[in-house]
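Report on the following structure.
Just so we're clear, the structure is a prediction, and the values are computed from it rather than from any experiment.
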Amino acid sequence: MKPSAIGVFTVALLSAVLLFCGPSEKTKKLIEDSGKVFGVLPEKMPGGEADTPDLVKLGEKLYFEKRLSANDTQACNSCHNVVGKAGGVDNLPTSPGAFGKNGDRNSPTVLNAGYHLAQFWDGRAKDLKEQAKGPILNPVEMAMPSAAEVEKKISGITEYQDLFAKAYPKDAQKITYDNIAGAIAAFERTLKTQDRFDDFQKGDHKALSDAEQEGLEKFLATGCTACHIGPLLGGNSYRKLGQVNAYENTGDKGRLTLTKNPADAFVFKVPSLRNVAITGPYFHDGKVATLEEAVKKMAYLQLGKELPESDIKSIATFLKALTDKNRSN
């Protein structure tokens, strides 16, 4: 065998050995530790036990229905884009409504939203159905004048009469505002993502690269799990933004506006980090442009740490592995 052929054979043999060898003890421990802190996403979102294909089909159509807005320009998907590789957001700091005025807060992703403890940045809606009712009547967003006007408008569209009849066969009055929101919520419960991180936690040690595993180690060691824990890596608690160092934007008081409790000043729902790489810009005000900047600011604001650039880059590398396989570039 010629030397060049021997070299090629050796490389191929080593590659085969590495492919079939098991994980290192370090990786085994990382899988174990990660599983304890995070765990994988449950198979189904809560609240969908009675969802039917007809209900989901109706909800999907309503999700993309611009006639739910006052001037037929805005649909749910306008601010929470789920088409193709989009991350369930519009990637704008704040979103323009039906008449061009922007809202006060960044539009959060609808992907996996049904797993959250509540909806909106301040948690003012208990579930997806309650959340779906808000934007349609919000004067800045979809700007419909009343629930009755929404029902009247949708009832006048012939194709919806059959869709509602199939989705709500037992309801005497089928096209109601409550049923509209219920159908949209049913569709949103189908927006569960799948990523390589769950594969890793289930034992596939090759699902994350060495650099991504290093980033996960940095994420754990830095203390990011003080807030970002559980299967969503967040989405299950409220925290003050600026626990150690104050956030520069003090205009939005967070949950204080909702609860009137002074202790809730600057408190917001902790966002999920699933799909975080494709859902920027970041924070409730959308003022943080990049994932790396968000990592840097979070460490400083919440933990009082000034991370070196190498750690910031490493953590961001791990966070990019949390992107839905179907939405990765």
Does a sphere of radius 6.0 Å around NZ in Lys66 hold more than 12 heavy atoms from other residues, nucleotides or ligands, not counting ones at 6.0 Å or beyond? no
Are more than 12 heavy atoms, taken from residues, nucleotides or ligands other than Tyr238, located less than 6.0 Å from that residue's OH atom? yes
Show the nearest heavy-atom pair for residues Cys79 and Gln74, with the distance to one decimal. SG-NE2, 4.2 Å
Run the salt-bridge test on Lys129 and Asp127 with the 4.0 Å N-O cut-off and return the result as yes or no. no
hydrophobic_cluster_shared for Val83 and Val89, side chain cutoff 4.5 Å: no
Begin with the C-alpha distance, continue with both residues' side-chain angles, and end with the deciding distance and a verdict on side-chain contact (heavy atoms from CB on, under 4.5 Å) for Gln302 and Leu241. CA-CA 7 Å; Gln302 304 306 102; Leu241 179 59; 3.8 Å; yes
Are there more than 12 heavy atoms of other residues, nucleotides or ligands under 6.0 Å from atom NZ of Lys305? yes
Find out if a path of hydrophobic residues (ILVMFWY) with successive side-chain heavy-atom gaps under 4.5 Å connects Val295 to Tyr247. yes
Over all heavy atoms of both residues, which pair between Asn179 and Gln173 is shortest? Give the atoms and the distance, please. ND2-O, 3.8 Å
Does the cation-pi check pass for Lys61 over Tyr160, that is, NZ or CZ under 6.0 Å from the six-membered ring centre and within 45° of its axis? yes
Cationic N near anionic O, under 4.0 Å, Glu149 to Lys153: no
Tell me, with the steps shown, if Lys320 and Glu292 meet salt bridge (Lys or Arg N to Asp or Glu O under 4.0 Å). CA-CA 11 Å; Lys320 291 171 185 177; Glu292 288 75 13; 3.5 Å; yes
Considering non-hydrogen atoms only, spot the tightest contact between Thr73 and Ser69 and give its length. N-OG, 3.0 Å
Salt bridge (charged side-chain N to carboxylate O under 4.0 Å, His left out) partners for Asp162, two or more places apart: Lys166
I'd like to know whether CG of Asp210 has more than 12 heavy-atom contacts from other residues, nucleotides or ligands below 6.0 angstrom. no
List the atom of Ala143, the atom of Ala98, and the distance in Å for their closest heavy-atom pair. CB-CB, 4.5 Å
Going from OG on Ser237 to NE2 on His228, what distance comes out if it is rounded to the nearest 0.5 angstrom? 8.5 Å
Would Arg274 and Asp324 count as a salt bridge (Lys or Arg N to Asp or Glu O under 4.0 Å) if you check the C-alpha gap in whole Å, the side-chain angles of each, and the deciding distance to 0.1 Å? CA-CA 8 Å; Arg274 299 277 184 172; Asp324 182 16; over 6 Å; no
Hey, what do you get for OG (Ser24) to CG (Leu30), rounding to the nearest 0.5 Å? 9.0 Å
Under the salt bridge (Lys or Arg N to Asp or Glu O under 4.0 Å) rule, what do Glu25 and Lys28 come out as? Steps first, then yes or no, please. CA-CA 5 Å; Glu25 291 303 315; Lys28 285 181 182 178; 3.3 Å; yes
Nearest 0.5 Å please: distance from the NZ atom of Lys253 over to the CZ atom of Phe266. 4.0 Å
Following the transitive rule for hydrophobic clusters with a side-chain heavy-atom cut-off under 4.5 Å over Ile, Leu, Val, Met, Phe, Trp and Tyr, establish whether Leu216 and Leu232 coincide in one cluster. no
Apply side-chain hydrogen bond (donor to acceptor under 3.5 Å, both in side chains) to the pair Thr176 and Asp178, showing each step before the final yes or no. CA-CA 5 Å; Thr176 66; Asp178 194 65; 5.3 Å; no
Taking it one step at a time, do Arg196 and Glu212 satisfy salt bridge (Lys or Arg N to Asp or Glu O under 4.0 Å)? CA-CA 10 Å; Arg196 292 183 289 111; Glu212 290 164 345; 2.8 Å; yes
Let's go through Leu41 and Asn112 carefully: what are the C-alpha distance in whole Å and the side-chain angles of both, what is the deciding distance for side-chain contact (heavy atoms from CB on, under 4.5 Å) to 0.1 Å, and is it a yes or a no? CA-CA 9 Å; Leu41 284 173; Asn112 300 318; 3.9 Å; yes
For Gln119 and Leu128, indicate whether the former's side chain and the latter's backbone hold a donor-acceptor pair under 3.5 Å. no
Check whether more than 12 heavy atoms from other residues, nucleotides or ligands sit under 6.0 Å from atom NZ of Lys313, and answer yes or no. no
Verify whether one side chain among Thr279 and Thr109 offers a donor that lies under 3.5 Å from an acceptor in the other. no
Could you state the interatomic distance from NZ (Lys269) to SG (Cys227), rounded to the nearest 0.5 Å? 14.0 Å
In this structure, are over 12 heavy atoms from other groups packed under 6.0 Å from Lys126 atom NZ? no
We want to know whether Asp54 and Thr52 form a side-chain donor-acceptor pair, criterion being a heavy-atom distance below 3.5 angstrom. no
With no hydrogens and no angle check, is any side-chain donor or acceptor of Asn106 less than 3.5 Å from a backbone partner on Leu92? yes
Report, as yes or no, whether the 6.0 Å neighbourhood of atom CG on Asn249 holds more than 12 heavy atoms from other residues, nucleotides or ligands. yes
Any chance NZ of Lys152 has more than 12 other-residue heavy atoms, nucleotides or ligands included, within less than 6.0 Å? no
Closest heavy-atom pair, Ile180 versus Leu62, reported as atoms and distance to 0.1 Å, is O-CD1, 3.9 Å
What residues form a salt bridge (charged side-chain N to carboxylate O under 4.0 Å, His left out) with Lys29, not counting sequence neighbours? Asp33
Could you check whether Lys296 pairs with Glu293 (Lys NZ or Arg NE/NH1/NH2 to Asp/Glu carboxylate O, under 4.0 Å)? no
Classify the ring geometry between Phe38 and Phe219 as parallel (under 30°), tilted (30 to 60°) or perpendicular (over 60°). tilted
Nearest 0.5 angstrom please: Leu163 CG to Ile154 CD1, how far? 11.0 Å
Roughly how far, to the nearest 0.5 Å, is the CD atom of Glu151 from the OG atom of Ser146? 8.0 Å
Start with the C-alpha distance between Asn81 and Asp90, add both sets of side-chain angles, then the distance that settles side-chain contact (heavy atoms from CB on, under 4.5 Å), and finish with yes or no. CA-CA 6 Å; Asn81 185 4; Asp90 57 10; 5.6 Å; no
In sequence, state the C-alpha distance, the side-chain angles, and the governing distance for Val110 and Tyr63, and then conclude on side-chain contact (heavy atoms from CB on, under 4.5 Å). CA-CA 11 Å; Val110 72; Tyr63 188 86; 3.4 Å; yes
When you measure from the side chain of Tyr177 to the backbone of Lys133, do you find a donor-acceptor pair of N or O atoms at a distance under 3.5 Å? yes
